[in-house]
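Structure first, commentary second.
Each chain gets a letter, A, B and so on, in the order its sequence line appears, and its residues count up from 1.
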Amino acid sequence: MDYKDTLNLPQTDFPMRANLPNREPQILQHWEEIGLNDKLESANKESGKSFILHDGPPYANGHLHMGHALNKTLKDIIIKSKRMQGFFTPYVPGWDCHGLPIELMVDKKLGKKKREMSKADVRRECREYAKEWVQIQSEEFQRLGIFGNWKDPYLTMSTHYEAQTARELAKLAERGSLFKGKKPIHWCSSCVTALAEAEVEYADHSSPSIFVKFPYVDALPAELSQLEGKTLNFVIWTTTPWTIPANLGICLNPELPYVVVEASGELLVLAEGLVESVMKTLGVEDFSIAATFEAAIFEKKNCKHPLYERNSKIILGDHVTLEAGTGCVHTAPGHGQDDYIVGLKYGLEIFNPVDDYGRYRDDLEIFGGMKLKDANPAVCEKLEEVGALLKQSEISHSYPHCWRCKKPIIFRATEQWFVGMEQNDLRKKALAEIDKVEWIPSWGRDRIYNMVEGRPDWCISRQRSWGVPITVAYCEKCGEDLCDGETMHYIADQFEETGSDVWFEKDASELLPPGTTCPKCGHDKFTKETDILDVWFDSGVSHAAVCEYRDYLHSPVDLYLEGSDQHRGWFHSSLLESVGSRDRAPYKAVLTHGFVLDKDGRPMSKSLGNVIKPEEIIKKYGAEILRMWVAATDYRDDIRLGNETLQRLSDAYRRIRNTARYLLGNLAGFDPATDMVADSELLELDRWALSKLSGLVKKVEQAYEKYEFHVIYHAVHNFCSIDLSAFYLDILKDRLYTSPKSSVEYRSARTSMYLLLDAITRMIAPVLTFTADEIWQGMPGEREDSVHLAGFPETMEQRYDAELEARYGQIQKVRAEVSKVLEKARAEKQIGQSLEAKVSLQVPESVKTLLEEYSEQLPSLFIVSQVELVDELADGADAEQLAGLKLKVQPADGEKCERCWNFATSVGENSEHPSICNRCAAALSAE
RNA sequence: GGGCUAGUAGCUCAGCUGGCUAGAGCACACGACUGAUAAUCGUGAGGUCGGAGGUUCAAGUCCUCCCUGGCCCA
């Protein structure tokens with residue numbers, strides 16, 4: 001007879017190969033059908049404990065990249081694990097919808113048509129565009145197996161959100177944080193518009209290059225008293241002579257040595273490192289160093305402006321270098337970024353004498369009304385006239401141009417709105433709040449602290465169309481601005497119905513409260529501010545527009561989780577907005593992840609051609625593998641992604657899947673309600689497996705708690721490979737296959753496997769979202785519709801048995817030595833499979849008692865047919881790692897049992913079954 | 001240039017407050033099995049712990065400098 005039919009071999013429909021790219025969509029469909037998402041969103045609602053992770057909104061433009069996938073998957077893993085721990089975890093995904101990139105895309109699409117369109121029309125186009133991408137990205141996120149409130153996400157362009165954004169602005173105004181200041185921006189005088197960095201193109205341009213003397217007018221510092229009575233001339237160099245009328249300072253580098261050079265009877269001041277090159281340029285051969293000094297001795301002293309009756313202050317700044325010029329940098333705070341920042345520091349006026357059309361304002365002395373293109377020669381001529389011009393030549397260099405009209409642009413200060421860092425003590429309060437937040441990893445605290453500590457006032461003005469307007473009105477007559485909270489709230493309330501489009505569609509008189517008059521002059525006609533808000537302000541108010549607004553959420557929330565660039569972005573703007581309006585941070589904890597890099601650690605970019613898209617991974621390996629990548633890596637640092645990594649993960653996935661499949665196969669027909677054995681009846685090996693499982697459960701739970709998912713991946717994978725597949729399950733086969741179904745041996749094994757599979761499936765569910773549910777569907781017993789509706793395994797502390805594990809640890813050491821000698825025997829063709837062997841051992845005292853105690857089980861544990869313990873093994877081989885252990889392999893005694901494949905002397909004893917051992921014969925009769 | 005941060009086998013990770021010949025899994029090589037079979041088991045070969053100094057009886061682990069990356073600023 002064919003004894004194979006009498007064995008309990010595994011049986012399952014669960015496929016070995018997942019074919020994830022095809023299977024996942026089916027599982028998604030199934031979830032859709034059972035309404036899983038909705039159930040999850042309200043799960044544990046009554047539990048009294050909630051965990052709110054507030055989603056940072058991705059920008060609604062373009063397909064998802066790996067950064068998005070990493071971020072959302074991490075959030076999803078956290079939410080799933082918290083939900084399985086019994087927390088109420090509503091998750092509202094969001095999108096950032098306003099802003100320049102979308103406006104630019106729409107511009108491009110519209111082309112010339114845009115000129116005939118009103119701002120309101122353009123905004124409608126932008127809205128449509130953003131809406132389309134929200135839809136696309138939403139589907140792409142869902143394909144990754146990310147659960148959430150996809151039916152009702154938050155959009156920063158929704159009517160309520162825009163209303164709340166305007167309200168938050170009003171709150172800051174009420175609290176005195178809002179003020180109007182000047183700041184230089186790129187400006188195209190031809191298009192009469194501000195340009196963002198993205199709209200600036202750099203191209204070669206020819207400019208005058210001039211060296212100009214600024215005579216020093218204050219008393220000489222003591223260090224230079226030897227020059228008393230002589231006139232020092234600070235020499236500046238510039239390629240934009242037209243900015244000379246706006247000069248208010250001369251900046252030196254505090255770290256560099258400076259010198260006074262005596263040349264052609266004049267004393268010139270410049271950086272020591274530039275003397276040679278400057279003298280050469282000026283054509284001076286005869287010169288000498290009259291003095292050397294540190295820049296700091298001149299800080300806040302003055303030179304006289306060469307053209308005007310005013311001073312030019314000497315200041316210090318790190319941005320001054322020896323790359324070009326003289327080391328004395330002409331500073332016009334209204335016309336340069338560095339100039340602006342250093343100017344703020346020294347309290348210089350942000351002076352801009354240039355109007356929107358690129359002309360000097362009429363009130364500017366000497367040059368008033370002149371067009372800038374005529375200004376360069378005019379300024380040079382005047383400088384020459386007053387004897388301040390040392391040298392003039394032409395230079396070709398890279399210069400910013402307008403992307404649309406291709407003409408050179410200028411940098412010029414305009415009036416803009418700011419949220420002040422000192423007003424209302426915002427900086428101080430924000431820093432204090434930073435210290436109350438838990439930053440994970442902890443260095444996040446230093447990172448954001450240093451940024452907030454050193455940042456300038458927050459410029460919230462953007463000269464654009466697609467965004468929430470800065471809801472300030474100006475008196476038509478006297479220019480007074482209505483930026484008090486009252487009118488701003490009145491306007492914001494109107495957005496609730498219509499969105500902020502109404503600002504662009506209606507007249508100021510319709511938007512302001514009836515009867516509004518100018519508090520200064522009493523006039524009753526107003527104009528509207530045309531600037532819109534920085535998009536960082538939009539997303540920065542989400543704590544109010546989403547978390548406070550929705551009744552099932554609250555603020556501050558438990559966690560914000562974004563890439564580490566958001567210390568300067570969303571974490572930062574949210575903090576400032578929330579502290580500015582509410583005096584507290586909007587989050588209790590902030591977790592950051594690193595950036596996705598290619599296999600060599602370089603950023604992914606189109607030009608490098610090293611981009612891996614989520615879509616490609618999903619198509620080739622499945623979303624599950626992408627999720628596993630997220631979990632397998634320590635994301636706190638930057639993480640690399642290459643094909644080898646994906647291949648390895650795919651292999652690891654198969655290992656886990658196969659372990660589950662094998663367990664499922666052996667649980668065919670198992671009914672936990674009737675087939676489980678009581679704990680007291682469990683065989684020792686099974687108790688060992690469950691003890692190991694309890695350790696795994698503990699480790700995994702702690703890792704979820706600390707958001708250390710790579711620990712989980714390694715722990716689960718090692719458990720499946722080492723503890724289960726290579727040891728426990730391998731040994732179990734014999735018992736499992738050959739024991740009678742009714743026997744406690746068989747039932748004990750299945751009880752253990754059932755508990756193992758149940759626990760593992762629950763533990764991997766947050767990561768292997770699809771596969772865990774697939775396993776779940778195939779598992780016996782009464783259970784929830786989806787593993788995601790179930791909880792984590794109960795604590796298994798009571799199953800932990802340290803002593804048992806220690807004993808097995810010893811046995812495993814011996815087992816490893818046995819494997820080695822078996823391998824040798826195999827190489828010498830003495831045996832094939834290990835059951836063909838009998839192993840003789842001479843054991844050292846350290847393990848002697850233990851092994852004698854286990855002598856009966858040793859053949860099973862070693863998967864050989866016989867083990868004999870002998871006192872003296874003269875011809876045995878020494879063990880490699882265990883001193884005193886000697887081993888010898890011989891062919892097993894007896895014949896091979898046709899049923900269980902063990903060799904036994906009892907084969908042939910049973911006349912009814914002459915080809916099987918008596919253990920198998922007994923098993924057959926027990927059936 | 002500044003703030004923060006990283007560099008342990010081909011890949012992903014362990015190595016706590018310094019202490020045995022630096023570990024694991026996967027990949028790789030070789031072998032076994034054919035009752036987990038495009039699976040499973042076994043054995044083996046892989047690392048001057050980014051580099052150079054230093055402290056110490058002893059350093060992957062502490063200190064200094066350097067190199068190569070990343071993010072954010074300038």
Side-chain angles (χ1 to χ4, degrees), chain A residues 3-5 7-12 14 16-17 253 255 317-321 337-338 341-342 441-451 453-456 563-569 572 592-597 599-603 628-629 631-634 636-655 657-666 708 710-711 713-722 725-727 729-731 733-734 736-738 815-816 818-827 829 831-836 863 899-901:
Chain A
Y3 289 105
K4 185 172 174 176
D5 298 335
L7 297 172
N8 311 312
L9 294 178
Q11 220 179 354
T12 179
F14 189 87
M16 175 145 57
R17 303 195 67 214
N253 188 320
E255 308 288 326
D318 295 331
H319 62 282
V320 177
T321 67
Q337 184 63 24
D338 289 330
I341 290 174
V342 75
S442 56
W443 48 257
R445 181 263 174 207
D446 294 345
R447 194 168 152 93
I448 194 167
Y449 192 96
N450 291 344
M451 286 176 185
E453 195 175 34
R455 68 157 297 152
S564 59
D565 56 334
Q566 299 303 323
H567 285 112
R568 171 61 69 173
H572 196 111
T592 48
H593 61 253
F595 273 68
V596 181
L597 307 173
K599 66 178 171 59
D600 301 314
R602 292 175 307 178
M628 211 159 142
W629 165 72
T633 321
D634 187 349
R636 290 167 298 194
D637 188 16
D638 292 334
I639 58 186
R640 298 184 178 201
L641 178 62
N643 284 317
E644 174 164 9
T645 303
L646 288 168
Q647 195 53 54
R648 291 293 82 80
L649 287 163
S650 214
D651 293 334
Y653 170 81
R654 291 215 315 267
R655 177 47 161 247
R657 183 181 178 88
N658 252 311
T659 305
R661 175 173 183 267
Y662 185 67
L663 292 172
L664 273 176
N666 284 109
E708 290 174 352
H710 64 289
V711 171
Y713 161 78
H714 283 280
V716 169
H717 188 246
N718 280 356
F719 186 73
C720 286
S721 299
I722 302 169
S725 198
F727 186 69
L729 295 177
D730 207 25
I731 292 167
K733 279 176 196 168
D734 180 70
L736 203 49
Y737 295 173
T738 66
R815 189 177 189 262
V818 171
S819 291
K820 280 191 230 268
V821 290
L822 287 175
E823 189 58 30
K824 222 168 272 170
R826 201 151 20 224
K829 303 288 175 203
I831 57 162
Q833 49 174 314
S834 58
L835 284 176
E836 289 166 30
I863 317 184
R899 183 166 178 272
C900 71
W901 292 352

Sugar-phosphate, base or nothing in reach of A/T12, heavy atoms under 4.0 Å: nothing
Sugar-phosphate, base or nothing in reach of A/D600, heavy atoms under 4.0 Å: nothing
Who are the side-chain contact (heavy atoms from CB on, under 4.5 Å) partners of [X], not counting sequence neighbours?
X      : result
A/V342 : A/C251, A/I315, A/H319, A/T331, A/Y346
A/P441 : A/W443, A/T592, A/R636
A/R17  : none
A/D600 : A/D598, A/R602

[X], nearest nucleotide to its side chain (from [options]):
X      : options                : result
A/L729 : B/rA36, B/rU37, B/rG70 : B/rA36
A/R648 : B/rG10, B/rU12, B/rC41 : B/rG10
A/A726 : B/rG42, B/rA39, B/rU12 : B/rG42

B/rA36 base / A/T659 side chain donor-acceptor hit below 3.5 Å: no
Annotated protein contacts, base or backbone, on nucleotides 29-35 of chain B with a non-hydrogen cut-off under 4.0 Å, one of B, S, - each: ---SSSB
Reading 5' to 3' through nucleotides 1-6 of chain B, protein heavy-atom contacts under 4.0 Å coded B for base, S for sugar-phosphate only, - for none: --BBSS
Partners passing ring-ring contact (aromatic ring centres under 6.0 Å, His included) against A/F727 (at least two apart in sequence or in another chain): A/W688
Which residues pass the salt bridge (charged side-chain N to carboxylate O under 4.0 Å, His left out) test with [X], not counting sequence neighbours?
X      : answer
A/D638 : none
A/R640 : none
A/R648 : A/E644, A/D651

Stem segments of RNA chain B by first residue number [Watson-Crick or G-U, under 3.5 Å, at least 3]: B:1-7 with B:67-73, B:10-13 with B:23-26, B:28-32 with B:40-44, B:50-54 with B:62-66
Flag for A/Y449-A/R445: side-chain donor and acceptor within less than 3.5 Å: no
Identify each donor-acceptor pair in which a side-chain atom of residues 714-721 of chain A lies under 3.5 Å from a protein atom, sequence neighbours left out, and give them as a table.
unit_1: A/S721; atom_1: OG; unit_2: A/R655; atom_2: NE; d: 3.4
unit_1: A/S721; atom_1: OG; unit_2: A/H717; atom_2: O; d: 3.1

